[in-house]
Amino acid sequence: MRDPRTERLAAWYGANARDLPWRVPPGDPTPPDPYRVWLSEVMLQQTTVAAVRDYFARFTTLWPTVHDLAAAEDAAVMAAWAGLGYYARARNLLKCARAVVSDHGGRFPDTEAALLTLPGIGPYTAAAIAAIAFGRPAVVVDGNVERVMARLGAIQTPLPAAKPEIRALAACLTPEVLPGDHAQAVMDLGATLCTPRKPTCMLCPLADGCEGRRLGVAESLPRKAPKVPKPERSGFVYLARLGDLWLVETRPAKGLLGGMLAFPTSDWGAHPASDPPFDAPWREVGQVRHTFTHFHLTLTVMTAETRANPDRGNFAPLDPDALPTLFGKAHALVTQGSAATA
DNA sequence: CAACCGTGGAC
DNA sequence: TGTCCAAGGTT
């Protein structure tokens with residue numbers, strides 16, 4: 001016996017599903033391409049649909065299949081990902097594509113457990129791919145589901161302690177039939193009506209049975225632990241030119257901006273020490289501000305016309321679009337002038 | 001398990 | 001302007 005809320009949600013989704021490039025229409029018996037589902041799910045991790053759209057189009061044009069992606073150069077994939085953030089996703093994307101080709105005959109595994117063994121695929125993404133691309137009744141729990149379920153059940157326990165309760169409620173509502181549509185229906189509901197601020201309960205297909213709404217506490221759910229303040233860090237970034245060439249380096253594969261194209265920098269900390277890649281009359285151009293997940297950063301931008309053998313990095317032609325946003329700001333400051341000064 | 005890991009848009 | 005937030009994963 002299906003929960004009546006599952007029925008109401010399915011009917012709502014049939015009429016209100018968002019049309020997205022990686023989706024098939026609601027009720028479509030032909031499942032979408034697992035490669036496209038996987039790619040979209042990884043891109044959508046902690047990232048908005050609006051931000052993902054162009055990147056998804058670019059990736060599927062450059063690399064239409066998992067074989068194409070697996071054969072791509074690391075630097076090409078990192079460059080294509082530049083600006084989307086959380087660059088470990090791009091590194092794991094490549095690892096995963098290559099594992100699918102070398103260990104799974106070029107086909108994504110069709111079970112949650114097998115998907116979970118692949119790089120960059122965690123509990124949410126494994127469940128989402130299993131449900132959407134393979135029709136398996138996996139319990140898909142993402143931020144939308146957490147919010148919708150917390151409100152539906154008026155769950156007052158703060159996250160992350162509330163996860164078991166939330167998962168139990170989500171499991172109650174997960175159908176055997178068209179589980180992929182159901183998962184996307186909850187996410188669409190969370191993205192369009194049951195939003196973090198000012199939810200549109202008047203249009204919600206689940207408003208009737210929503211305990212949070214009945215008690216007048218929906219908008220305050222889910223409760224979350226207070227966030228820690230971001231410390232300030234600062235440092236120097238060095239933009240050196242040799243004719244049309246720029247001094248660039250690839251950042252170490254782990255850690256912040258790992259594997260990305262970058263300009264040399266000093267260490268970043270509370271009290272920055274200058275550490276240029278070579279001795280020269282460096283000229284201060286200005287400063288750029290940038291906020292990462294867990295700290296604020298101010299970089300003093302230094303520039304010089306150059307020497308041929310720096311201590312680190314290489315002189316190379318530069319595609320500014322291949323830079324992560326922080327270094328894009330520094331590049332814009334040097335090439336255009338005063339736009340990004342702090 | 002809590003810390004780490006980007007970015008741009010909304011308010 | 002600063003804060004919060006978005007289809008999380010890894011260590």
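Every chain is numbered from 1, with letters handed out A, B, ... down the list of sequences.
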How is A:T293 classified with respect to the nucleic acid when contacts are heavy atoms under 4.0 Å: base, sugar-phosphate, or nothing?
base

Mind checking the CG-CG spacing from A:L323 to A:L257? Nearest 0.5 Å is all I need.
10.5 Å

Residues which pass side chain to side chain donor-acceptor pair (under 3.5 Å) with A:T174, listed by chain and number, not counting sequence neighbours:
none

How close do A:R312 and A:P277 get, heavy atom to heavy atom, and via which atoms?
NH1-CA, 3.9 Å

The test is side-chain hydrogen bond (donor to acceptor under 3.5 Å, both in side chains); show your working for A:Q45 and A:Y124 and say whether it passes.
CA-CA 9 Å; A:Q45 288 167 6; A:Y124 161 73; over 6 Å; no

Short heteroatom pairs, N/O only, protein and nucleotides 1-5 of chain C, under 3.5 Å:
from	atom 1	to	atom 2	distance (Å)
C:dC5	OP2	A:K227	NZ	3.4

Rounded off to whole Å, could you give me the CD-to-C1' distance for the A:E41 and C:dA6 pair?
13 Å

May I have the distance from A:Y86 (atom OH) to C:dA6 (atom P), rounded to whole angstrom?
12 Å

Which pair of non-hydrogen atoms, one from A:K224 and one from A:L159, has the smallest distance, and what is that distance?
CE-CD1, 4.0 Å

Ring centroids only, cut at 6.0 angstrom: are A:Y55 and A:W81 within range, meaning strictly under it?
no

Heavy atom of residues 152-186 of chain A under 4.0 Å from DNA chain B: which residues?
none

Check whether any side-chain nitrogen or oxygen of A:Q46 sits under 4.0 Å from OP1 or OP2 of C:dG8, and answer yes or no.
yes

Measuring from atom NE2 of A:H331 to atom OG1 of A:T325, what distance do you get when rounded to the nearest 0.5 angstrom?
14.0 Å

Are any of A:H290's side-chain N or O atoms less than 4.0 Å away from OP1 or OP2 of B:dT7?
yes

Distance check needed: C:dG8 C1' versus A:L115 CG, whole Å only.
15 Å

Tell me whether the rings of A:F263 and A:F327 are parallel (<30°), tilted (30 to 60°) or perpendicular (>60°).
perpendicular

Verify the contact: side-chain N or O of A:Y87 to OP1 or OP2 of B:dT7, cut-off strictly under 4.0 Å; return yes or no.
yes

Between A:V228 and A:L256, who's closer to the 5' end of DNA chain B by nearest nucleotide?
A:V228

A:M149 and A:I155: which non-hydrogen atoms are nearest, and at how many Å?
O-CD1, 3.9 Å

Other residues, nucleotides and ligands only: do more than 12 of their heavy atoms fall within 6.0 Å of CG on A:D311?
yes

Nearest-angstrom distance from the residue atom CG of A:L323 to P of B:dT7
11 Å

Can you see which heavy atom on A:A72 is nearest to which on A:V77, and at what distance?
CB-CG2, 3.7 Å

Counting only side-chain N and O atoms of A:H294, is one of them less than 4.0 Å from OP1 or OP2 of B:dC5?
yes

Between CZ of A:F327 and C1' of B:dG6 the distance, given in whole Å, is 13 Å

Between A:H294 and A:F292, does the ring centre distance come in under 6.0 Å?
no

Side chain to side chain donor-acceptor pair (under 3.5 Å) partners of A:R18, counting only residues at least two apart:
A:D188

A:K198 NZ to B:dA10 C1': how many Å, rounded?
12 Å

Do any N or O atoms of the protein come closer than 3.5 Å to N or O atoms of nucleotides 9-11 of chain C, and which pairs are they?
from	atom 1	to	atom 2	distance (Å)
C:dG9	OP1	A:G122	N	2.9
C:dG9	OP1	A:G122	O	3.3
C:dG9	OP1	A:T125	N	2.9
C:dG9	OP1	A:T125	OG1	2.7
C:dG9	OP2	A:P123	N	3.4
C:dG9	OP2	A:Y124	N	3.2
C:dT10	OP1	A:G120	N	2.7

Which word best sums up how the rings of A:F278 and A:F315 line up, parallel for under 30°, tilted for 30 to 60°, or perpendicular for over 60°?
tilted

NA contact type, A:L93, heavy-atom cut-off 4.0 Å: base, sugar-phosphate, or nothing?
nothing

Determine whether the aromatic ring centres of residues A:W282 and A:F236 are separated by less than 6.0 angstrom.
no

Could you state the atom-to-atom distance from CG of A:L257 to C1' of B:dT7 in whole Å?
11 Å

To the nearest angstrom, how far is A:W268 atom CH2 from B:dG6 atom C1'?
11 Å

Go through residues 47-84 of chain A and report each residue with a non-hydrogen atom lying under 4.0 Å from DNA chain B, sorted by number.
A:T47, A:G83, A:L84

